A.B. asks: 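Got a structure here, written out as structure tokens. Questions coming.
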Amino acid sequence: MAPHADIEAASSAKADVRSPERYQVIIIGAGLSGMYQLYRLRELGCSVRVFEAGDGVGGTWYWNRYPGARFDSESWTYGLSFSHDLLQEWSWKEHFAAQPETLRYCNYLADKFDLRRDITFNARVVAAAYDENANDWEVGFEDGRRARARFLITAIGPLSAPTMPAIPGVGDFRGEAYHTAKWPHAPVSFKGKRVAVIGTGATGVQTITEVAKTALHLSVFQRTPNWCAPLHNAAIDAETQVHIKASYPEIFARCRESYGCFIHDADPRNALEVPAEEREAFYERRYAEPGFGIWMGNFRDILIDKAANDTVTDFMRRKIRARVHNPELAERLIPTNHGFGTRRVPLESGYYEVYNQPNVRLVDLRETPIERITPNGIRTSDAEHPFDMIIYATGFDAITGAFDRIHIRGRGGLRLKAKWADGPRTYLGLQVAGFPNMLTLVGPHNAATFCNIPRCIEQNVEWVTELLRYMDHKGYTRIEPSPDAEHAWTQHVHESAARLLLLEVDSWMTGVNRNVPGRQQRTFMAYAGGAPKYREKCDAVAAGGYEGFVLA
Ligand code: NAP
């Protein structure tokens, strides 16, 4: 099938007969990665257009407007670092900013660098096909329009394909129903309402804590408890603000050297080398500190050595028991199928205390599974629970899901979804054999997925920009990884994760989503060797004339 015909089939019935718009580069997505890539490519003098499904910039922060949404990276480590002016002009109000502030930041960035003039909003890309003869990509939009470019850069984010639970009757409910990642732009009130939240991941934990403040009654439907740790958020006072603004070079230098580009880096000791009393005091300090110190700044072996992990897991178990008054309820909130940190740790602000409130009830789905959503509420194996509102905090088809939702075809009509059916295969998490000139920012097998994301976005974007500069300089028009390089990187990604205890449990990080057919096998979706090693490898590849890539 010709690429053009393929696009028309995937786009709406009203395929546009006009010639497609033409650019040198098309970027899909106007989140932080798409915006920063646009900024850099403009500097190269490229003709570049960003296509964004939403009606505003911000990506994750545009869509995830659910109550309580906020950072768990320190705000002052999160902003883009490329512009001194931007860093000095923007003042984060809290150490861990809430979603509205972060969305304002994204808009500020777009305004300051006049990015909107190169962004088309309300343009959801539904298909993209490589045209071998023209050496071009053609993308198709939901409304039938098309556009063409030599390069296609996906900036679609690792967590942008929300999933509803595979429960019968979803859609039958007659009350208000929201997925957290598709939260309405208008305010939603919980006052006087009986509210259900399904899901207790990082999103559910933030939502539950906020909704419990005003709902008449809140029921939490928990399938798997997670190990949550305190965020310890606070406002940034004037003196600290001055200090932060003066310290940006050191802050970013420190992030650059840490495993996940967070301000927290692992303690160089193994947990069991440290005497028990000192270890306990260390965990107490980390628990009392803001942010991910308890996870990222813990002993270096807690995520690879079960005995080391048991020590911190035991500590966290005692914390939950101390915070939840009802001992039986506390036990239900304690994970039993995985150790601390082996799934993404939700950071919370009073989450466990919510269960001491008289208006909150936990429904343990391991004992009484949901049978169906009914017009009036939720039916579990033992009761019918009536509600005014159901909130689905049921997560995402992570990392590859957003790719799967676009009908992407490469050389010879190869479908990306088919190529990745048994797990992603990439070179450096940035390109895929068979898909020339397509570059995947923050894609699978990339360190960025496991990262304080803007720090890794910067690395990805700057590397891609240099690649395009190099190709232009040398007169190359086509780049694709060799199958050998792709195979070697994919093997290396699997080896990088092989020792991780994270592989012993289902989570979005191990590619499992029981609501999505074909997503039941565990495969580590990100490069687990850490951001510094990843950067070194990318730099070495570039310095070697982009070895592993075939340039033509
Ligand atoms: P998630 O971690 O995948 O959690 C989804 C939740 O929904 C889980 O508790 C899951 O239970 C439950 N669930 C899914 N399908 C269900 C079903 N059919 N029946 C009952 N329960 C069901 O998704 P998330 O909470 O949206 O978080 C995803 C990631 O986004 C986070 O890990 C984090 O990286 C990011 N995030 C970041 C922030 C932040 O920066 N502050 C905030 C929120 C999210 P099971 O565990 O049993 O599958």
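Nothing fancy with the numbering, it's 1 onward along the sequence. In listed order, ligands and their atoms are each counted from 1. These figures come from a predicted structure and were not determined experimentally.
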A.B. asks: Please confirm whether the ring centroid of Phe387 lies under 6.0 Å from the ring centroid of Phe173.
C.D. replies: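 Not close enough - the centres of the two rings lie 6.0 Å or further apart.
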A.B. asks: Tell me whether Glu52 is salt-bridged to Arg124, with the criterion being a basic N under 4.0 Å from an acidic carboxylate O.
C.D. replies: no
A.B. asks: Which atoms of ligand 1 have any heavy atom of Gly199 under 4.0 Å away?
C.D. replies: 6 (C), 7 (O), 9 (O), 12 (C)
A.B. asks: Between Ala271 and Ile302, which heavy-atom pair has the shortest distance, and what is it?
C.D. replies: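 In this case the closest contact between Ala271 and Ile302 is CB-CG2, 4.5 Å.
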A.B. asks: Quick check on the 6.0 Å ring-centre criterion: do Phe221 and His385 meet it?
C.D. replies: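 Between His385 and Phe221, which both carry aromatic rings, the centre distance is below 6.0 Å.
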A.B. asks: Which one holds for Tyr66 and ligand 1: side chain close, backbone close, both close, or neither close, with close meaning a heavy atom under 4.0 Å?
C.D. replies: side chain
A.B. asks: Pairs in or reaching into residues 159-173: which pass side-chain hydrogen bond (donor to acceptor under 3.5 Å, both in side chains), with residues at least two apart or in two chains?
C.D. replies: Thr163-Asn513, Asp172-Arg372
A.B. asks: Nearest to atom 25 (O) of ligand 1 by heavy atom, Asn452, Thr203, Leu159: which?
C.D. replies: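 The nearest heavy atom belongs to Thr203.
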A.B. asks: Within a distance under 4.0 Å of any heavy atom of Arg70, pick out the atoms of ligand 1 and give their elements.
C.D. replies: 39 (C), 40 (O), 41 (N)
A.B. asks: Can you report which non-hydrogen protein atom sits closest to atom 37 (C) of ligand 1, along with the distance?
C.D. replies: Arg344 NH2, 3.2 Å
A.B. asks: State whether a side-chain donor-acceptor pair under 3.5 Å links Asn359 with Gln357.
C.D. replies: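 Result is yes, a qualifying pair exists.
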A.B. asks: Out of Phe252, Tyr248, Phe71, which residue meets the ring pair (Phe, Tyr, Trp, His ring centres under 6.0 Å) rule with Tyr78?
C.D. replies: Phe71
A.B. asks: So if I count the atoms of ligand 1 from 1 in the order they appear, which ones are less than 4.0 Å from some heavy atom of Pro165?
C.D. replies: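 Once the distances to Pro165 are compared, the set is 17 (C), 18 (N).
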A.B. asks: For atom 19 (N) of ligand 1, what's the nearest protein heavy-atom neighbour? Residue, atom name and distance, please.
C.D. replies: Arg223 NH1, 3.7 Å
A.B. asks: Ring centres of Tyr392 and Tyr178 under 6.0 Å apart?
C.D. replies: no
A.B. asks: Verify the neighbour count for atom NZ of Lys112: are there more than 12 heavy atoms of other residues, nucleotides or ligands below 6.0 Å?
C.D. replies: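 Enclosed: over 12 neighbouring heavy atoms sit under 6.0 Å from NZ of Lys112.
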A.B. asks: When you compare ligand 1 with Ala393, is there at least one nitrogen or oxygen pair between them that comes in under 3.5 angstrom?
C.D. replies: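 Looking only at distances, the answer is yes, because the N/O contact criterion of under 3.5 Å is met.
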A.B. asks: I want to know if ligand 1 touches Trp61 in the polar sense, i.e. an N/O pair below 3.5 angstrom.
C.D. replies: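 In this structure, Trp61 places no N or O atom under 3.5 Å from an N or O of ligand 1.
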A.B. asks: Closest non-hydrogen protein atom to atom 45 (P) of ligand 1, residue and atom name please, with distance?
C.D. replies: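 Residue, atom and distance for the closest contact: Thr224 OG1, 3.5 Å.
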A.B. asks: Work out which heavy atom in Leu333 is nearest to a heavy atom in Ile320; give both atom names and the distance.
C.D. replies: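 Closest heavy-atom pair between Leu333 and Ile320: O-CD1, 4.0 Å.
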A.B. asks: Going by the order shown, which atoms of ligand 1 are within less than 4.0 Å of some heavy atom of Phe396?
C.D. replies: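 That gives atoms 26 (O) of ligand 1.
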A.B. asks: Heavy atoms only: which of Val512, Thr200, Ile370 lies closest to atom 8 (C) of ligand 1?
C.D. replies: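 Selected option, by shortest heavy-atom distance: Thr200.
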A.B. asks: Test the Lys319-Tyr287 pair against the cation-pi criterion, namely NZ or CZ under 6.0 angstrom from the six-membered ring centroid and within 45° of the ring axis.
C.D. replies: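 Relative to the ring axis of Tyr287, which defines the angle, Lys319 lies inside both limits.
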A.B. asks: Indicate, as side chain, backbone, both or neither, the part of Asn515 found under 4.0 angstrom from ligand 1 when only non-hydrogen atoms are considered.
C.D. replies: side chain
A.B. asks: Mind checking whether Arg514 has a heavy atom under 4.0 Å from ligand 1?
C.D. replies: yes
A.B. asks: Give yes if a backbone or side-chain nitrogen or oxygen of Asn226 is under 3.5 Å from a nitrogen or oxygen of ligand 1, and no if not.
C.D. replies: no
A.B. asks: Apply side-chain contact (heavy atoms from CB on, under 4.5 Å) to Thr180 and list each qualifying residue two or more places apart in sequence or on a separate chain.
C.D. replies: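 Once residues adjacent in sequence are excluded, the partners of Thr180 under the side-chain contact (heavy atoms from CB on, under 4.5 Å) criterion are Tyr66, Thr203, Thr207, Ile391, Ala393.
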A.B. asks: Applying a strict 4.0 Å limit to heavy atoms, is Arg343 in contact with ligand 1?
C.D. replies: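 So Arg343 counts as touching ligand 1.
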A.B. asks: Report yes or no: does Trp508 have a heavy atom closer than 4.0 Å to ligand 1?
C.D. replies: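 Right, Trp508 reaches ligand 1.
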A.B. asks: Is Phe221 touching ligand 1 with its side chain, its backbone, both, or neither, if touching means heavy atoms under 4.0 Å apart?
C.D. replies: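 Contact part for Phe221 vs ligand 1: neither.
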A.B. asks: Atom 4 (O) of ligand 1: which protein heavy atom is closest, and how many Å away?
C.D. replies: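 Residue, atom and distance for the closest contact: Gly201 CA, 3.7 Å.
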A.B. asks: Are any of the N/O atoms on Ala202, whether in the backbone or the side chain, positioned under 3.5 angstrom from an N/O atom of ligand 1?
C.D. replies: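 Yes, at least one N or O pair falls under 3.5 Å.
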A.B. asks: Could you list the atoms of ligand 1 found under 4.0 angstrom from a heavy atom of Ile198?
C.D. replies: 20 (C), 21 (N)
A.B. asks: Quick one: does NZ or CZ of Arg285 land under 6.0 Å from the six-membered ring centre of Tyr283, within 45 degrees of the ring axis?
C.D. replies: no
A.B. asks: Numbering the atoms of ligand 1 from 1, which are under 4.0 Å from a heavy atom of Phe71?
C.D. replies: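 Selected atoms, number and element: 41 (N).
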A.B. asks: Short list, please: which atoms of ligand 1 are under 4.0 Å from a heavy atom of Leu365?
C.D. replies: 20 (C)
